[in-house]
Number of protein chains: 2
Amino acid sequence: MNASSSTVAPPRAQQHPGSLALRPSDGARELIQILDADTASATAQVLWRLGIPRRRVKGLAALFNEGDSVESLYVVQVGTFKLLKTAEDGYEQVLGFCSRGDVLGGDGLWSHRHPTAAVALEDSSVFALPLNSLQRLTDELPTFDRALQGALSRQLAAAAEVAEVMAAVSAEVRLARFLVQRSSRMVELGESPRHLLLRMSRRDIASALGVAHETVSRSFGILAEWGYLRVDNRNIEILDLEGIRACSRSTRGLLEPRAHARS
Amino acid sequence: MNASSSTVAPPRAQQHPGSLALRPSDGARELIQILDADTASATAQVLWRLGIPRRRVKGLAALFNEGDSVESLYVVQVGTFKLLKTAEDGYEQVLGFCSRGDVLGGDGLWSHRHPTAAVALEDSSVFALPLNSLQRLTDELPTFDRALQGALSRQLAAAAEVAEVMAAVSAEVRLARFLVQRSSRMVELGESPRHLLLRMSRRDIASALGVAHETVSRSFGILAEWGYLRVDNRNIEILDLEGIRACSRSTRGLLEPRAHARS
DNA sequence: CGACCGGTTGAAGTATATCAAGTACGGTGG
DNA sequence: CCACCGTACTTGATATACTTCAACCGGTCG
């Protein structure tokens, strides 16, 4: 829908406001409309036009770490991030993945400390909204707060998905749910729901799913064997979207005798 | 920190501002304390004028259901709620539990549809903030938005805890982490961290932990056997808080040969 | 009282964690 | 250019912990 520029647009190019002087307050008005928009990806579009400062992050580099002081909120312009917590022994618990339009750092807003870290999975770029500029926006345009609340609200709803994934009984269902979520996200971004290019490692997926990474590997094999997928390393093609959706609906409740004939 | 009344205090007690008549809206003061302690005095005046309505919910009754239109945000005054999603086959996936001070319904703010349901686990009472009054609050009281953002931000951070629980390797560690979280919450509410009165059923816990409810039962037994707990139905006494904390730190990474001699 | 619900405990099958090889890829250095 | 190494991924074998089915207990409620 809004995928006018699916690739990484060059910074502030020809469409700079020009004579139409966009002061922060003017930009704020438009920003709010976008933050209120139904699709998160739409936010990125307008932030770009507003000339909000950006920050580039190399692949595998951290945008911020656990415990860092919160200086800005971020909105992903392009790229992919993983959110994680690191245990004392070094184990990385992945809490989710973020792509274009997602807000990063909202969970540290109240304590001014990031409770989670955000690591880029590829060369990425984010819009940075310094806290003091947030305050300015709030002062000048009260409705900005509502827009920000909307963004936080979305993240909150997204958090439930993590639980859905990890609560599944079998590893295949967890993976199926995960893939369905990624697929839905693709649609929101205006891409095909059938073609997934996973930016994260199997180990990251395993952590997010709450299983061993070997199990992820095997589950990919099983879903492929059932004819739902075609797996080529991190390149996933969904052959039977409805089938995998049905699979993802298996719950721990009343166990319907699964219809997947295991060959 | 804001635990002026550590127990489930009857609303209007002796701490009212002098001779001022206490109308039902005196909950405003309490609400402010809950949402944002620092600016309580200033904001209380305005909230008072606005008259924050309360809503009572019987035990096991729903405050709102999945798919309901969002008419209000709620802040728990007293009681406990579970958040859940219901699958097509009727299985209830519990996403978390809320007690005093938690905001309910924030995840539906942007779509104006509740993506999750909230069910009271006991007779409870919430402050209801109708969306239109929310706007009015924003207009008259800019700092209110910050308080609300803070609350949403906290909820977001809390969502990570769910993942932490369900990602654990063994059922005992999951339960240990869950109990540690509940214990920490007790401290925030000004109660003892050692005494937990769980308002939810074993089945609810099981759903939140991502295991079978029989396994929860057994895990309670095991933790008790290890000397960490004393279990009396839903009444849990933590005997070794440090021990159970240590147990909850076990990760799926490098497995230290666990120090729990299994009898 | 009998039915029902929540909780506990037991027994059996199975899925997954874990350990262990082995492969493929990309980068580095000879 | 090729040998080498590390990382990511896959696949196999075994032990174990969990799910599942089932029985049982103690409440509460009609």
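Computed over heavy atoms, backbone and side chain alike; hydrogens, waters and symmetry mates excluded. Because the structure is predicted, anything quoted here is derived from the model rather than measured. Chain letters run A, B, ... following the sequence lines, proteins first and then strands; every chain starts at 1.
- Cation-pi geometry between Arg202(A) and Phe220(A) is met: under 6.0 angstrom from the ring centre, within 45 degrees of the axis.
- Relative ring orientation between Phe64(A) and His114(A) is described as parallel, the plane-to-plane angle staying below 30° on a 0-90° scale split at 30° and 60°.
- Atom CD in Glu214(B) sits about 10 Å away from atom C1' in dA22(D), given to the nearest Å.
- Ser69(A) and Glu71(A) form a side-chain donor-acceptor contact under 3.5 Å, judged by distance and modelled atom types alone.
- We find that CZ of Phe220(A) is positioned 15 Å from P of dT16(C), with the value rounded to whole Å.
- Using a 4.0 Å heavy-atom cutoff across all strands shown, Val216(A) reaches no nucleic acid atom at all.
- As a whole-Å value, the separation of Glu92(A) CD from dA8(D) P is 11 Å.
- When the side-chain nitrogen and oxygen atoms of Arg234(A) are compared with OP1 and OP2 of dA8(D), none of them lie within a distance under 4.0 Å.
- None of Leu121(B), Val126(B), Leu104(B) except one satisfies the side chain to side chain contact (heavy atoms under 4.5 Å, CB included) rule with Cys98(B); the exception is Leu104(B).
- Side-chain proximity of Val169(B) to dT10(D), dT18(C), dT20(D): nearest is dT18(C).
- Following rounding to the nearest Å, Arg218(B) (CZ) and dT20(D) (P) show an atom-to-atom distance of 12 Å.
- Across the interface with DNA chain C, nearest-nucleotide mapping of Ala171(A) and Gly221(B) shows Gly221(B) to be the residue nearer the 5′ end.
- Residue Met200(B) contributes atom CE, which lies 15 Å from atom C1' of dG6(C) at whole-angstrom precision.
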Inset, instruction - Applying salt bridge (charged side-chain N to carboxylate O under 4.0 Å, His left out), run through Arg249(A) and Glu242(A) and close with a yes or a no. - result: CA-CA 11 Å; Arg249(A) 284 188 216 109; Glu242(A) 258 327 296; 3.7 Å; yes
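- The 5' end of DNA chain C is approached more closely, in terms of each residue's nearest nucleotide, by Gly210(A) than by the other of Gly210(A) and Asn233(A).
- Regarding Leu175(B), its CG atom lies at a distance of 16 Å from the P atom of dA17(D), rounded to whole Å.
- Arg174(B) comes within 4.0 angstrom of no nucleic acid atom, judged by non-hydrogen atoms across all strands.
- Residue Arg203(B) places no side-chain N or O under 4.0 Å from the OP1 or OP2 atom of dG7(C).
- In this model, the phosphate group of dT19(D) is approached by a side-chain N or O of Thr215(B) to a distance below 4.0 Å at OP1 or OP2.
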